[in-house]
Amino acid sequence: MDPSTPESTKPKLEALRIERTPVRARRRRRWPYVVGALLIVALAGGFWLRTAQPLEVETTSVTLAYPSQSAIVLSATGYAVPQRKAAVASKATGRLEWLGVEEGSRVKAGDVIARLESEDVSAGRDRAAAAFRVAEAGLRQAEAERFEATREFRRTQQLVAQNFMSKANLDQADARLRRSDAAIASARAQISANQAALREAEVARNSTLIRAPFDGVILSKQANVGDVITPFAAAADSKGAVVTMADLGTLEIEADVSESSLGKVRVGQPCEIELDAIPDRRFLGEVSRIVPTVDRAKATVLAKIRFIEKDPRILPDMSAKVSFLSRGLQASERQPLLAVDAAALTERDGRTLVFRVDRDQVNAVAVTAGRNLGNLRAITGKLSAGDKVVLNPDPKLTDGSKIRTAATK
């Protein structure tokens, strides 16, 4: 090195020196970093597996339950059946000329709902009316004849008493008077006969008018205009009844009760009726009667439950579930409560929670638990009937956890 080189250039020259440290020694100093990196990756992978892997859960539904369940002693199924129902027809046979109702029409007792062709019976009625008028005229003629016979008899009596006429003339006048009395009696009898014939003709004509036998609703039509109505005989292409109607005010539930459970049912027993078609309301009922006959095939007895509460939405043949109660219900027991399976409730940090399912994850919802309703528990909270919640939630389940549904109860 040149002695004249400045001292400031010496560190730069030192930096150009080649490191002579062995490779094996450098590798020994690097392995702690590699192990640390692998450990971090493993921990991150485990955390990812715990957080990203969905938990398999069972679910159940939030439902509406009634407190009346605690008073149920027996349940049965049945149908709404009108106790007053009729297939309306005419006594007369003829062709249907006019039909004035449709399905669902409401009618009053005596309303004309259909009419048969009636030209022949109308003509017969007119003939009977004319005969009745002829009989009335005959009576008036007989009464006039009797009036004349009476006057002649009295004159003859006076003349015979004065010996101006013979007794034979008096006998003739008396006979004439008697004949006039008989003619009057005959005319009156003829009037009665013609009057009866007229009533018969009017009945025959009225038979062509089909009237509603009671207040009710038309359920179905069996005939149309132009059909031949033959109520008392079967004929090709003929109809027996014109319409079927029912009094919906007489609707009752007919339910089959197992004969082994008959001891739990009595006349006058309070009931609660649930109709499949009206799930948002339950109706109060009462056992009106028990039919004293056992169905051998089904080993059941028919119980009839009348409605205490009426609703125009109740229709014939609606299916129903009847709950026979041990006691009457209070007004508060008739209001539905939000309820869930008790196994869906869990305690977390002093709060009662349920985990509501939202697609592939859950949300924790705080609720307040109420009374027991059989296997269910009444709750209040930000839930709605039909919501799905986790059953027997895992302790690892948290708000926002990913899930996979296993089964629904």
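Keep in mind that this is a model prediction, so the values were computed, not measured. Both backbone and side-chain heavy atoms feed into the values below; hydrogens, waters and symmetry mates do not.
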Before you tell me yes or no, could you show the steps for Q222 and S220 under side-chain hydrogen bond (donor to acceptor under 3.5 Å, both in side chains), namely the whole-Å CA-CA distance, both residues' side-chain angles and the distance that decides it to 0.1 Å?
CA-CA 7 Å; Q222 280 76 46; S220 61; 2.8 Å; yes
According to side chain to side chain donor-acceptor pair (under 3.5 Å), who are the partners of K321, at least two apart in sequence or on a separate chain?
none
Would you please name every residue forming a side chain to side chain donor-acceptor pair (under 3.5 Å) with Q172, sequence neighbours left out?
none
Please name all residues satisfying side chain to side chain contact (heavy atoms under 4.5 Å, CB included) with D174, sequence neighbours left out, ordered by chain then number.
F153, R178
State which residues pass salt bridge (Lys or Arg N to Asp or Glu O under 4.0 Å) with R106; sequence neighbours excluded, sorted by chain then number.
none
Cut-off 3.5 Å, no hydrogens considered: what does the side-chain donor-acceptor table look like for residues 122-136, sequence neighbours left out?
from: S122; atom 1: OG; to: S118; atom 2: O; distance (Å): 2.7
from: R125; atom 1: NH2; to: E202; atom 2: OE2; distance (Å): 3.0

Mind checking what makes side chain to side chain contact (heavy atoms under 4.5 Å, CB included) contact with P336, not counting sequence neighbours?
L64, Y66
Taking distance alone, no hydrogens or angles, what donor-acceptor pairs closer than 3.5 Å link side-chain atoms of residues 75-83 to residues at least two apart or in another chain?
from: Q83; atom 1: OE1; to: R289; atom 2: NH2; distance (Å): 3.0
from: Q83; atom 1: OE1; to: K304; atom 2: NZ; distance (Å): 3.0
from: Q83; atom 1: NE2; to: V81; atom 2: O; distance (Å): 3.0

Just jot down the salt bridge (Lys or Arg N to Asp or Glu O under 4.0 Å) partners of R306, sequence neighbours excluded, or say none.
E286
Donor-acceptor contact present, side-chain S90 to main-chain S207, <3.5 Å
yes
Please list, chain by chain and in numerical order, all residues satisfying side chain to side chain donor-acceptor pair (under 3.5 Å) with E97, sequence neighbours excluded.
R115
Determine whether W98 and L116 make a side-chain contact, defined as any pair of heavy atoms from C-beta on separated by less than 4.5 Å.
no
Which residue pairs pass the side-chain hydrogen bond (donor to acceptor under 3.5 Å, both in side chains) test with at least one member in residues 269-278, sequence neighbours excluded?
S68-E272, E272-R282, E274-R282, D276-S319
Is the shortest side-chain N to carboxylate O distance from D311 to R281 below 4.0 Å?
yes
Which residues satisfy the salt bridge (Lys or Arg N to Asp or Glu O under 4.0 Å) test with R359, sequence neighbours excluded?
none
By salt bridge (Lys or Arg N to Asp or Glu O under 4.0 Å), which residues pair with R155, not counting sequence neighbours?
none
